[in-house]
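Inspection log for the structure reproduced underneath, given as structure tokens.
Lettering of chains follows the sequences in order, A, B, ..., and the numbering in each one begins at 1.
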Amino acid sequence: MPELPEVETVVRGLRASLPGRRFVSVRLGKSDFIDDPAALGEHLPGRQVLAVERIGKFICVQLTRHGGQALQRSQDASAADLHFLIHLGMTGRLAVRSPAEPVAPHTHGFFELDDGNELRYTDIRRFGRMLLVTGDALPAFQARLGADALFVSARQFAEQVQGRRARIKAFLLDQKALRGMGNIYADESLWRARIHPARLAANLGADEIARLHQAMRQVLRAAIKLGGSSISDFLDAEGKRGSYQVRHRVYDREGEKCFRCGTPIERIIVAGRSSHFCPNCQRAPRARKPRKRIAARKSVRRRSGS
DNA sequence: CTTACGGCCTGGGTGC
DNA sequence: TGCACCCAGGCCGTAA
């Protein structure tokens, strides 16, 4: 599932082929995950890609209708008058392909480019999102998200954490507080910092917050270096798998030994998400409402209204 | 106001 | 072999 390192990997891949290209046409299959499907066909063709950036877990394709002159050094994002934002959800893939190549199942978007290739969007579950944001509206869009997890300063991170009464895991996953983190890297960062996921953010000591900040940045940087984690079927813009999953210390390791102390890794639900941790290295907060352990066998669930 | 939680979307994998 | 169900991330409505 694409989180910050996976999205960064895709963005870097797209930078190899998209900047300078111009969209020619748009073809969509299922489009129920797109805010305004018609707008894509209406506004993308004719526009040129200035740059590809990452905004949290969004891929941001910066576009201009005034080609050529604006494109020498494309760092000038202010020249973009339109931003094509893509969120990969859980199973989204974005890649530049030749039209001659076979089309992967569940490919719902074909964005024809002026060099004869096409940008393809594939998404099995369609939990992804696509939207267009004008240059004017981009600051407001960014303002709804917190600081980027990769670049947030130690000081800003500490201020945010200390002001939160929610559990630290919930804080890490809250895109309005911190953008880019997801379940895998939240668990990995907490294990490295030796902090239990259910601890209340405001109760963390300064040393713990500093450890978490450092752990988070180390984990993210290492994952980017390895092209992200391919635990389900993440593929980068060239269709290659990442390899950070072999470095996971807790994620999806329930019952396996902690790499630090050998204690079996446990899994509980925190903030509505599976949370993996070492009960020895990451001590539970005292005297909170006990969290139910997840039973090994399936739990009974019934639908409402029955 | 902030936080917590259940439900919803979808379909591949799993376990019976 | 079939099939019910679990689960994932983000978002939204509702409740405290």
Side-chain angles (χ1 to χ4, degrees), chain A residues 1-7 10 29-35 37 54-59 85-94 104-109 121-131 141 144-146 149 159-189 197-204 228-235 241 245 248 250-255 267-276 285 288-306:
Chain A
M1 48 224 61
E3 302 179 23
L4 189 154
E6 290 77 29
V7 176
V10 172
K30 292 184 179 175
S31 59
D32 51 359
F33 61 97
I34 301 172
D35 282 22
R54 181 181 59 77
I55 302 176
K57 297 188 217 176
F58 284 88
I59 295 159
L85 299 181
I86 301 113
H87 195 298
L88 300 176
M90 293 178 57
T91 54
R93 292 182 195 170
L94 202 53
H106 306 287
T107 299
H108 305 298
Y121 181 74
T122 305
D123 191 347
I124 294 171
R125 307 266 159 91
R126 304 204 302 283
F127 283 10
R129 259 185 87 193
M130 282 185 188
L131 66 160
F141 179 86
R144 284 191 275 129
L145 300 167
E159 280 174 10
Q160 292 268 348
V161 171
Q162 284 161 348
R164 281 300 196 108
R165 271 171 299 172
R167 297 185 184 92
I168 187 63
K169 175 73 181 266
F171 168 82
L172 292 175
L173 294 179
D174 184 354
Q175 302 298 300
K176 293 189 292 297
L178 194 67
R179 66 187 192 226
M181 294 292 279
N183 208 33
I184 296 174
Y185 299 102
D187 282 3
E188 293 297 314
S189 299
R199 293 276 303 281
L200 296 188
N203 287 352
L204 295 181
S229 303
S230 289
I231 60 146
S232 52
D233 52 1
F234 167 73
L235 298 176
R241 288 168 57 84
Q245 63 278 8
H248 290 177
V250 281
Y251 186 81
D252 206 20
R253 294 193 65 244
E254 183 181 15
R267 181 168 73 101
I268 59 175
I269 301 295
V270 179
R273 292 280 168 263
S274 275
S275 300
H276 311 77
R288 286 216 92 226
K289 286 179 188 168
R291 297 265 119 203
K292 275 175 280 189
R293 296 191 53 192
I294 296 164
R297 56 203 166 73
K298 62 186 162 204
S299 57
V300 178
R301 281 178 69 166
R302 51 189 77 230
R303 305 189 68 89
S304 61
S306 63

Base, sugar-phosphate or nothing for A/Arg165? Non-hydrogen atoms, less than 4.0 Å.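 Sugar-phosphate only.
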
Of the candidate nucleotides [options], which contains the atom at the shortest distance from the side chain of [X]?
| X | options | value |
| --- | --- | --- |
| A/Ser274 | B/dG12, B/dT10, C/dA8 | C/dA8 |
| A/Arg167 | C/dG9, B/dG12, B/dA4 | B/dA4 |
| A/Lys30 | B/dG12, C/dA8, B/dG11 | B/dG11 |
| A/Ala166 | C/dG9, B/dT3, C/dA8 | B/dT3 |
| A/Lys57 | B/dG12, C/dC7, C/dG10 | C/dG10 |

Hey, do the aromatic rings of A/His108 and A/Tyr121 have their centres closer than 6.0 Å?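 Distance test on ring centres: not under 6.0 Å, no.
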
Calculate the interatomic distance between [X] atom [atom1] and [N] atom [atom2]; express it in whole Å.
| X | N | atom1 | atom2 | value |
| --- | --- | --- | --- | --- |
| A/Leu85 | C/dG10 | CG | C1' | 15 Å |
| A/His87 | C/dA8 | NE2 | P | 16 Å |
| A/Leu173 | C/dG9 | CG | C1' | 9 Å |
| A/Leu88 | B/dT10 | CG | P | 19 Å |
| A/Asp32 | C/dG10 | CG | C1' | 15 Å |
| A/Leu172 | B/dT3 | CG | P | 13 Å |
| A/His106 | B/dC9 | NE2 | P | 18 Å |

I'd like to know if A/Arg267 pairs up with A/Asp252 as an ion pair, taking the criterion as any Lys NZ or Arg NE/NH1/NH2 lying under 4.0 Å from an Asp or Glu carboxylate oxygen.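 No, A/Arg267 and A/Asp252 are not salt-bridged.
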
Between A/Asp187 and A/Arg273, is there a salt bridge with N-O shorter than 4.0 Å?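 So A/Arg273 does not pair with A/Asp187 through a salt bridge.
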
Test side-chain hydrogen bond (donor to acceptor under 3.5 Å, both in side chains) applied to A/Asn183 and A/His276, A/Lys169, A/Glu3, the passing residue: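 Single pass found, and it is A/Lys169.
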
So, A/Phe127 and C/dG10: ring centres less than 5.5 Å apart, planes less than 30° off, yes or no?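 A/Phe127 ring does not meet the centre or angle cut-off for C/dG10; no stack.
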
Measure distances between side-chain N and O atoms of A/Arg129 and base N and O atoms of C/dG9, and say whether any donor-acceptor pair falls under 3.5 Å.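 Counting by modelled atom types and ignoring angles, no donor-acceptor contact under 3.5 Å is found here.
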
Short side-chain N/O contact to B/dT3 OP1/OP2 from A/Arg164, under 4.0 Å: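 Yes.
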
Between C/dG9 and A/Arg125, is there an OP1 or OP2 to side-chain N/O distance shorter than 4.0 Å?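 Looking at the OP1 and OP2 atoms of C/dG9, neither is under 4.0 Å from any side-chain N or O of A/Arg125.
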
Side chain to side chain contact (heavy atoms under 4.5 Å, CB included) for A/Phe141 and A/Leu85? Distances and angles first, verdict last. CA-CA 10 Å; A/Phe141 179 86; A/Leu85 299 181; 3.5 Å; yes

Position toward the 5' end of DNA chain B (nearest nucleotide), A/Arg273 or A/Asp174: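 Here A/Asp174 is the residue nearer the 5' end.
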
